[in-house]
Amino acid sequence: MLKKKKLFSLITPIAAASIILAACGASETGTNGSASEDGEGTTTLKVGTDAAYAPFESFDDKGNIVGIDVDVVNAIGEELGVEFEINNVGWDPLFQQLINSEVDLGISAITITEERQETYDFTEPYYEATQLIVTKEESDIESLQDIADKKIGVQMNTTGHFAAQDLQGKTSANIKPYETTPVAIQELINGTVDAVIGDNAVIIEYIKNNPESKLKSIEDDSFEKEYYGLMVKKGNKEVLDILNEGIQKLKESGKLAEITGQEIE
Ligand code: ARG
């Protein structure tokens with residue numbers, strides 16, 4: 001859960017955040033996941049995530065949700081005196097919980113796509129990514145074309161899933177959607193699927209952390225660049241403005257690059 005960080009001594013940022021919220025007409029009801037203030041006047045935003053996605057969000061040994069996305073929102077919180085309460089809700093449910101206003105924002109290495117932008121608003125991008133293929137070390141698969149007729153495991157409704165559909169057609173029975181990316185990779189190790197398509201940093205992290213699984217990753221030029229954003233329900237301008245202000249500050253100070261290990265405009 002959330003690590004408290006001397007927030008109560010940061011009078012000025014708290015005041016600043018209150019002003020921002022007041023200016024945007026944010027409600028302070030504290031119900032239904034809407035931006036709320038506690039007795040101390042700290043704004044708390046409810047965050048939903050799928051914490052099976054190292055290095056962006058995963059559980060550490062002590063049961064805390066940690067990772068790049070968590071560091072990004074906590075750094076925004078420090079800048080602006082806002083608290084984030086992070087809940088592991090799962091990938092697919094996250095989208096519905098945002099619509100129902102059960103959470104204020106989603107952090108989950110979420111790619112900004114045109115289709116999602118019909119229902120959600122995204123912050124400015126904070127991370128650049130692309131897809132990778134992962135397969136067994138001994139496999140002769142070398143490119144995306146090589147898996148055109150193979151069984152592909154994906155995390156359901158991710159951009160990896162969409163890439164597999166672009167390749168094989170939307171209704172292909174050879175595409176196997178799973179609830180999480182680690183489960184999809186486990187099914188590759190078990191031999192249920194021949195390859196998995198997933199986000200590059202996550203695949204690389206998995207291979208690094210599981211050398212005994214003997215997996216390799218394959219790049220392919222046809223995978224486009226993707227950009228991650230923090231996601232809110234469409235029209236939730238007050239929360240979006242806070243997040244964008246925070247990201248802007250982290251970009252200017254160099255803190256974002258420090259957290260993510262990459263430069264982004
Ligand atoms: N970037 C991909 C997408 O937006 C996958 C994100 C999955 N994130 C997660 N925490 N499981 O579709």
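Order of appearance sets the numbers: ligands from 1, and atoms from 1 within every ligand.
Side-chain polar atoms of E78 and N74 form no donor-acceptor pair below 3.5 angstrom.
The pair K249-E252 does not meet the salt-bridge criterion, since no charged nitrogen lies less than 4.0 angstrom from a carboxylate oxygen. Between D194 and K151, no side-chain nitrogen of the basic residue sits less than 4.0 Å from a carboxylate oxygen of the acidic one, so the salt-bridge criterion is not met.
Taking the six-membered ring wherever Trp is involved, the centroid distance between the rings of F95 and Y120 falls below 6.0 Å.
Residue Y228 forms a side-chain contact (heavy atoms from CB on, under 4.5 Å) with just one option from T111, V72, I110, and that option is T111.
Closer than 4.0 angstrom to ligand 1 lie heavy atoms from D50, Y53, E57, W91, S108, A109, I110, T111, R116, Q155, T158, T159, D199, Y228.
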With side chain to side chain donor-acceptor pair (under 3.5 Å) as the criterion, how do Q131 and N200 come out once you've worked through the C-alpha distance, each side chain's angles and the decisive distance to 0.1 Å?
CA-CA 5 Å; Q131 298 299 300; N200 54 346; over 6 Å; no
